[in-house]
Number of protein chains: 2
Amino acid sequence: MKFKAQKESVNYLFTQVCKLRRNQSNLLLSASGLHAGQDVLLYYLDMHDGQTITALAEKMQVQYATISNMIDRMEAAGLLNKKKDEVDKRTSRVFLTGEGRQCVGKINDAWRILEAKTLEGFTSDEKIALTGLLSRILLNLKSQSV
Amino acid sequence: MKFKAQKESVNYLFTQVCKLRRNQSNLLLSASGLHAGQDVLLYYLDMHDGQTITALAEKMQVQYATISNMIDRMEAAGLLNKKKDEVDKRTSRVFLTGEGRQCVGKINDAWRILEAKTLEGFTSDEKIALTGLLSRILLNLKSQSV
DNA sequence: GTAACTTAATTAGGCGGCTAATTAAATTAT
DNA sequence: ATAATTTAATTAGCCGCCTAATTAAGTTAC
């Protein structure tokens, strides 16, 4: 049968949840002038300042080109600086500016709010169950099969 | 504490799952020359041919502008046709072409494969639990609070 | 030491998605 | 009937993300 019970499929639910999460995320971050995705980059820079594009791309599981463009935009926005490495002149290292560092706190708040909204009304057990199921899905999707 | 256990947060898990799902989806659909998102539009057209941009946007929960551009691209790709409504000349109605109709079957396959990969190793009970949790998250995210 | 290869980034171009502004047609009110 | 308002789409311009092609700088091999 074609498209049986599509509305109840996990596929459909994930698609909707992903879209809503992205919108909510954009809404929460827009107060700091950020776009969804940029928060993750700032988070990783806050963890370890002065990383290369390659290192950031690998941590964020995103293409180099994506980060490269993103960094240029965020540098223009005054959130970070890009400096050529003196030893290996192929690589650049990215550093948070004061403004970028200020955003980190707001990102933390935004993430907390989104997490709370997502899990509103969930018991501890349910949260644990959800985390377990999502972790397994993550592994499934990462696997090479098919 | 800042960013406590970020890697285990539901936030992080969803972000990863969403990204992987999008990539997998693109991979599966690329065989039919489609991009993730276009499948949903074709699905709704297959359900009911000749819908307006507004109707499609509302079903897909997406902005009019998004659909408008998407339809132009997909019309150029030969997947559908846009025809001005004779009664209300503000509206256009969108119809599947033969090629577009052929894609629908492949989309169905792609969705089945993605669903299977996502839920690999899940028992029926676990699937039910997951569906329940995701449905509640969907409601939470749709609600106006904060 | 020069040629071949690898690595790090960037550029170009495309797609879905969004917001804001605009155009065009239909409807309502006066 | 004309003016004001609402509705349907489109356009312009951004963003994250992707792929493919290119540039520039190190390495390695001969």
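Reckoned from all heavy atoms, side chains included, excluding hydrogens, waters and symmetry mates. Lettering follows sequence order; numbering is per chain, from 1.
Between D/dA9 and B/Ser68, no contact under 4.0 Å exists linking OP1 or OP2 to a side-chain N or O. Remark: B/Arg73 is in phosphate contact with C/dG16, judged by side-chain N or O atoms under 4.0 Å from OP1 or OP2. Side-chain N/O atoms of B/Ser92 include none lying less than 4.0 angstrom from OP1 or OP2 on D/dA9. Phosphate proximity of C/dA9 to A/Thr54: present, with a side-chain N or O under 4.0 Å from OP1 or OP2. Remark: A/Gln38 is not in phosphate contact with D/dC15, judged by side-chain N or O atoms under 4.0 Å from OP1 or OP2.
Of the candidate nucleotides D/dC15, D/dT6, D/dG26, D/dG26 has the atom lying nearest to any side-chain atom of A/Lys89. The side chain of B/Val62 sits closest to C/dC18 out of C/dT10, C/dC18, D/dG26. Comparing atom distances between the B/Asp88 side chain and each of C/dA25, C/dT10, D/dC17 picks out C/dA25 as nearest. Among the nucleotides D/dT10, D/dA8, C/dT11, the one closest to any side-chain atom of B/Ala65 is D/dT10. Picking from C/dG17, D/dG16, C/dA12 the nucleotide with the shortest atom distance to the side chain of B/Thr66 gives C/dG17.
With rounding to whole Å, A/Lys83 atom NZ is found 16 Å from C/dA9 atom P. In this structure, A/Leu27 atom CG and C/dT19 atom C1' are separated by 12 Å, rounded to whole Å. Between the CG atom of A/Asp72 and the C1' atom of C/dA12 there is a distance of 14 Å, given to the nearest Å. Rounded to whole angstrom, the span from the CG atom of B/Leu29 across to the C1' atom of C/dG16 amounts to 13 Å. Rounded to an integer number of Å, the gap from CG of B/Asn23 to C1' of C/dC15 is 13 Å. Rounding to whole angstrom units, CD of residue B/Gln24 and P of D/dC18 are separated by 13 Å. If you measure from atom CG of B/Asn69 to atom P of D/dC14, you get 15 Å, rounded to the nearest angstrom. Atom NZ of B/Lys84 is separated from atom C1' of C/dA25 by 10 Å (rounded to the nearest Å).
Across all strands, B/Lys82 comes closer than 4.0 Å only to sugar-phosphate atoms, never to a base (heavy-atom distances). Here A/Ala36 lies in heavy-atom contact (under 4.0 Å) with sugar-phosphate atoms only. Among the protein residues, B/Val94 comes within range of no part of the nucleic acid, since none of its heavy atoms lies under 4.0 Å from any strand. Within 4.0 Å (heavy atoms only), A/Asn26 reaches no atom of the nucleic acid at all.
Note that B/Lys82 lies outside the cation-pi zone of B/Phe95, set by a 6.0 Å cut-off to the ring centre and a 45° limit from the axis.
Mapping A/Arg90 and A/Gln63 onto DNA chain D by nearest heavy atom places A/Gln63 closer to the 5' end of the strand. Between B/Arg22 and B/Ile53, the residue anchored nearer the 5' end of DNA chain D, judged by the nucleotide with its closest heavy atom, is B/Ile53.
Paired with A/Leu79 under the rule side chain to side chain contact (heavy atoms under 4.5 Å, CB included), one option of A/Leu41, A/Leu34, A/Leu96 passes, and it is A/Leu34. Residue B/Arg93 forms a side chain to side chain donor-acceptor pair (under 3.5 Å) with just one option from B/Asp49, B/Asp85, B/Thr52, and that option is B/Asp85.
Remark: A/Arg136 does not engage B/Glu120 in a salt bridge, criterion side-chain N to carboxylate O under 4.0 Å.
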If you apply the rule side chain to side chain contact (heavy atoms under 4.5 Å, CB included), what do you find for B/Leu29 with B/His35, and how did you get there? CA-CA 6 Å; B/Leu29 293 171; B/His35 299 264; over 6 Å; no

Can A/Met60 and A/Tyr43 be said to form a side chain to side chain contact (heavy atoms under 4.5 Å, CB included), step by step? CA-CA 10 Å; A/Met60 292 176 66; A/Tyr43 164 75; over 6 Å; no

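Separation of the A/Tyr12 and B/Trp111 ring centroids does not fall under the 6.0 Å cut-off.
With 3.5 Å as the limit, one finds a donor-acceptor pair spanning the side chains of B/Gln51 and B/Lys59. A donor atom on one side chain and an acceptor atom on the other are not found under 3.5 Å apart for A/Asn11 and B/Arg112.
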Watson-Crick and G-U pairing of DNA chain D written in dot-bracket, each distance under 3.5 angstrom, with | for inter-strand partners: ||||||||||||||||||||||||||||||

